[in-house]
K.L.:
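Following this message is one structure expressed as structure tokens.
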Amino acid sequence: MSSPNGTGNAGATASERATVYDLAADCTLDDLEEGERYHATVNGVMDYGVFVDVSDRVSGLVHSSNLIGSYDVGDDLVVELTEILADGDVSFAEVQLAEFDTESVGHGSDVAAADVSDSTGETVHLDGQVVQIKQTGGPTIFQVRGERAIVPCAAFNEAGVRAFPDIELDDIVRVTGTVESREGAVQLEADDLRVLDEEEAADVHERLDAATDDLAAPAAVEPLADWPEFEKLREDLQDIARRLRETVLEGRPLRMRHHADGDGLCASVPLQYALEQFIEEVYEDPDASRHLLKRLPSKAPFYEMEDVTRDLNYALEDRKRHGQKLPMLLMLDNGSTEEDTPAYRNLAHYDVPILVVDHHHPDPKIVEPLVDAHVNPYLHGEDYRITTGMMCVEIARMIAPDLTSELEHVPAVAGLSDRSEGEAMPEYIELAEEAGYEESRLRDIGEALDYATHWLRYNDGREFINDVLNVNCDDRDRHEQLIDLLVEGAEQDVEDQLDGALAHVETEDLDNGAHLYRLDVENHAKRFTYPAPGKTTGKVHDRKVAETGDPVITIGYGPDFAVLRSDGVRLDIPQMVTELTDELPGAGVSGGGHLVVGSIKFVKGRREEVLDALVEKMSDAEIDEDLQSSAALPEDV
């Protein structure tokens with residue numbers, strides 16, 4: 001018996017397990033490669049050899065000199081493709097292997113994920129990683145990530161029944177199927193889907209890792225304002241941008257929790273817009289951003305247990321129903337304080353990474369062991385004057401730099417909403433003016449954002465808020481008309497509130513020369529309307545600052561809370577809260593905020609004791625002209 005040509009005989013004695021390909025019926029010569037081995041069936045026996053089929057469309061001769069055994073029609077054997085002749089004839093050699101792995105091959109050519117949209121109507125093979133598995137009422141949708149794109153692959157077993165049940169999230173697979181266009185979107189309709197062996201998977205992993213390093217790298221953009229203090233944060237912001245891009249690439253959903261005020265919206269809306277752009281770049285599925293990204297306003301300036309319970313419940317349901325990974329949590333304009341830690345500890349039992357971008361006075365020793373990244377100007381010796389909106393506009397530009405022209409006015413809105421006295425504010429305002437926004441109009445936008453979010457409550461009001469902020473808005477005239485309408489409503493509601501409240505404001509002169517104003521907002525302000533207690537306190541504070549021109553402190557209090565504002569007085573509210581907690585055990589004192597603005601909570605029965613101790617500390621606070629005439633600062637309650 002003669003030895004086969006090529007490497008067939010060598011394959012018979014090879015110590016490593018070989019791969020033998022099982023071709024689908026519609027495979028053509030384009031699907032074969034010289035030197036590879038295939039399952040074959042004898043379809044004819046001649047004196048000079050046997051004819052074999054390796055698919056319904058590919059047949060060839062195994063010459064007698066390349067046969068090892070004797071065969072009849074219908075017998076199966078393993079052959080190696082030795083040559084494709086110029087006239088299209090095919091020559092095979094028999095191979096006998098002690099051990100081998102079989103891999104199924106469908107008809108088609110290998111295609112990169114980014115090129116799938118150019119292959120409509122063709123049968124292709126796509127290698128990649130499964131990043132999502134969603135069972136619909138019809139097919140199973142596997143989102144498969146290639147090097148530069150993520151492709152929806154639809155596989156059908158029967159309606160509502162999981163196709164390829166052995167395929168799991170993060171598996172490295174080969175999908176074979178036909179590229180189709182459904183309602184203008186590309187979809188690969190999978191005939192076969194298999195997990196790649198270790199060697200093949202390692203090669204795909206290596207290519208995906210290299211692509212991730214490239215795609216996740218933040219864009220090299222210069223900050224909108226020349227601000228040396230801001231430069232201290234640049235590397236931290238780049239790290240957040242990189243992590244967010246990586247999260248999109250790995251198919252992990254993002255839940256964006258932000259404080260429901262002007263600065264929180266100036267932080268979250270641009271980031272939402274930038275992330276949606278990036279998702280659209282890498283996902284062939286036009287609905288991907290709707291499934292992957294949620295923007296969720298939080299009324300409190302910290303992560304409440306109510307919010308984390310709701311978020312976790314939705315995430316677990318989405319994992320079960322839609323095959324999604326658990327989300328990344330992005331905290332914006334909140335998340336830095338001890339009040340956030342009970343919620344974080346809840347998430348510690350699950351695979352939920354946490355990123356925090358905030359400018360409230362932080363508790364880093366308590367918070368940072370529970371989060372994956374924490375960006376805060378206080379951690380670099382700066383303070384609240386670098387607002388979260390300013391930071392997040394830069395992150396958004398690192399993710400989607402083409403959006404810069406749409407975001408140039410947003411840092412000024414953020415700074416004015418939070419009454420930042422940062423050195424870059426004149427430059428931000430000038431930049432906004434060049435984009436067509438006068439300073440008074442920027443203040444109107446901040447007021448309109450506060451007014452709108454008050455009535456939206458827990459709803460993100462996506463399209464509405466986009467129009468208010470004029471980000472991802474297609475009609476500037478509509479934006480202008482909307483601002484006029486909202487500002488008019490806000491001003492009227494504020495006047496109605498202050499008409500009743502100002503008559504009940506109590507006045508006291510402190511030992512340090514500051515004027516103290518107190519208002520019982522529980523009994524002398526309307527509830528469940530605009531402005532809320534924090535905003536009402538801020539508006540009273542504004543009036544008193546304007547009236548006196550002197551250092552002013554304003555307290556708006558209820559049964560178990562107090563909202564604090566100061567102008568020209570360095571209160572250091574977080575430090576006061578720490579001291580009150582130690583000095584009044586059992587009073588349940590908690591809270592915080594910025595250097596000169598914040599809120600505290602306490603046990604209802606200890607209110608007078610807490611407020612008296614608080615006023616005593618305010619009397620000893622330093623008068624600071626650098627903090628004077630800054631009007632009301634952030635409305636955190």
Side-chain angles (χ1 to χ4, degrees), residues 301 337 360-361 363 378 383-385 419 421 501-525 533-534 536-637:
T337 68
H360 290 83
H361 196 285
D363 296 306
Y378 283 94
D383 58 29
Y384 65 89
R385 290 173 290 188
R419 310 303 168 95
E421 295 294 316
L502 286 173
H504 300 280
V505 173
E506 300 174 354
T507 305
E508 178 182 348
D509 290 332
L510 301 179
D511 293 341
N512 58 4
H515 302 298
L516 173 65
Y517 298 95
R518 298 199 214 189
L519 173 65
D520 183 346
V521 292
E522 179 75 11
N523 293 311
H524 300 298
T536 299
T537 303
K539 292 297 183 180
V540 170
H541 182 76
D542 283 351
R543 293 287 177 94
K544 298 305 179 182
V545 168
E547 287 176 6
T548 66
D550 297 328
V552 168
I553 300 172
T554 306
I555 303 176
Y557 61 89
D560 58 357
F561 70 87
V563 182
L564 316 174
R565 301 287 183 268
S566 75
D567 186 88
V569 186
R570 186 174 294 272
L571 289 186
D572 197 350
I573 294 168
Q575 179 61 33
M576 290 183 175
V577 170
T578 299
E579 293 173 0
L580 289 172
T581 301
D582 293 337
E583 295 167 7
L584 301 174
V589 178
S590 65
H594 299 299
L595 186 66
V596 293
V597 57
S599 62
I600 64 173
K601 293 183 178 180
F602 39 78
V603 173
K604 182 177 179 181
R606 304 284 294 276
R607 183 180 74 178
E608 297 306 320
E609 184 180 359
V610 171
L611 291 181
D612 287 346
L614 181 63
V615 171
E616 185 176 341
K617 294 182 183 300
M618 290 175 169
S619 295
D620 296 331
E622 176 187 355
I623 301 297
D624 188 340
E625 291 183 359
D626 290 339
L627 299 176
Q628 195 163 352
S629 300
S630 59
L633 283 138
E635 312 298 346
D636 282 340
V637 175

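What's counted below: heavy atoms across the whole structure, side chains too, no hydrogens, waters or symmetry copies.
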K.L.:
For Lys617, does the NZ atom have more than 12 heavy-atom neighbours from other residues, nucleotides or ligands under 6.0 Å away?
P.N.:
yes
K.L.:
I want to check something: taking the side chain as every heavy atom from C-beta on, are Arg543 and Lys539 in contact at a cut-off of under 4.5 Å?
P.N.:
no
K.L.:
Could you go through the side-chain contact (heavy atoms from CB on, under 4.5 Å) check for Lys601 and Asp560 one step at a time?
P.N.:
CA-CA 6 Å; Lys601 293 183 178 180; Asp560 58 357; 6.0 Å; no
K.L.:
Working to the nearest 0.5 Å, report the span between NE2 of His524 and OG1 of Thr536.
P.N.:
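The NE2 atom of His524 sits 13.5 Å away from the OG1 atom of Thr536.
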K.L.:
Looking at every heavy atom in both Gly568 and Pro551, which two are closest together, and how far apart are they?
P.N.:
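Between these two residues, the closest heavy atoms are O-CB, 4.0 Å.
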K.L.:
Among Leu516, Val521, Asp520, which one satisfies side-chain contact (heavy atoms from CB on, under 4.5 Å) with Arg518?
P.N.:
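Of the listed residues Leu516, Val521, Asp520, the side-chain contact (heavy atoms from CB on, under 4.5 Å) partner of Arg518 is Leu516.
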K.L.:
Counting only heavy atoms from other residues, nucleotides and ligands, does the tally under 6.0 Å from CD of Glu616 exceed 12?
P.N.:
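Check fails, neighbour count at 12 or below.
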K.L.:
Taking all non-hydrogen atoms of both residues into account, name the closest pair between Gly598 and Ile573 and its distance.
P.N.:
N-CD1, 3.3 Å
K.L.:
Is the closest side-chain heavy-atom distance between Val540 and His504 below 4.5 Å?
P.N.:
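Not in contact.
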K.L.:
Return the CG to CD distance between Leu614 and Glu609, rounded to the nearest 0.5 Å.
P.N.:
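Between Leu614 CG and Glu609 CD, I get 12.5 Å after rounding to 0.5 Å.
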K.L.:
His515 and side-chain hydrogen bond (donor to acceptor under 3.5 Å, both in side chains): which single residue from Asp509, Thr548, Thr507 fits?
P.N.:
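Of the listed options, the one satisfying the test is Asp509.
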K.L.:
Within this structure, what is the NE2-CD1 distance for the pair His541 and Ile555, rounded to the nearest 0.5 Å?
P.N.:
11.5 Å
K.L.:
Could you measure the distance from the OG1 atom of Thr537 to the CZ atom of Arg565? Nearest 0.5 Å is fine.
P.N.:
6.5 Å
K.L.:
With side-chain contact (heavy atoms from CB on, under 4.5 Å) as the test, would you mind laying out the steps for Val569 and Ile623 before giving the verdict?
P.N.:
CA-CA 5 Å; Val569 186; Ile623 301 297; 4.0 Å; yes
K.L.:
Is there a side-chain contact between Glu508 and Leu510 (heavy atoms, below 4.5 Å)?
P.N.:
yes
K.L.:
How close do Val610 and Ala587 get, heavy atom to heavy atom, and via which atoms?
P.N.:
CG2-CB, 4.0 Å
K.L.:
Ignoring hydrogens, what is the shortest heavy-atom contact between Pro301 and His360? Give both atom names and the distance.
P.N.:
CB-NE2, 4.3 Å
K.L.:
Would you please test Thr554 and Val552 for side-chain contact (heavy atoms from CB on, under 4.5 Å) and show each step?
P.N.:
CA-CA 7 Å; Thr554 306; Val552 168; 3.7 Å; yes
K.L.:
Picking from Thr581, Asp582, Leu580, what satisfies side-chain contact (heavy atoms from CB on, under 4.5 Å) with Thr578?
P.N.:
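Running side-chain contact (heavy atoms from CB on, under 4.5 Å) over Thr581, Asp582, Leu580 with Thr578 returns exactly one hit, Asp582.
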K.L.:
Keeping the roles fixed (side chain from Asp511, backbone from Ser619), state whether a donor-acceptor pair exists under 3.5 Å.
P.N.:
no
K.L.:
Which atom pair, heavy atoms only, marks the closest approach of Ala613 to Leu584?
P.N.:
CB-CD1, 4.2 Å
K.L.:
Quick one: CG on Leu571 to CG on Leu564, what's the gap to the nearest 0.5 Å?
P.N.:
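Answer rounded to 0.5 Å: 7.5 Å.
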K.L.:
With rounding to the nearest 0.5 angstrom, report the CZ to CZ distance, Phe602 to Arg607.
P.N.:
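With rounding to 0.5 Å, CZ (Phe602) is 6.5 Å from CZ (Arg607).
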K.L.:
Passes side-chain contact (heavy atoms from CB on, under 4.5 Å), Tyr557 versus Leu611? Steps please.
P.N.:
CA-CA 9 Å; Tyr557 61 89; Leu611 291 181; 3.9 Å; yes
K.L.:
Under 30°, 30 to 60°, or over 60°: which ring-plane class applies to His361 and Tyr378, parallel, tilted or perpendicular?
P.N.:
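Correct class here is tilted.
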K.L.:
So which heavy atom on Asn512 is nearest to which on Ala621, and how close?
P.N.:
ND2-O, 2.9 Å
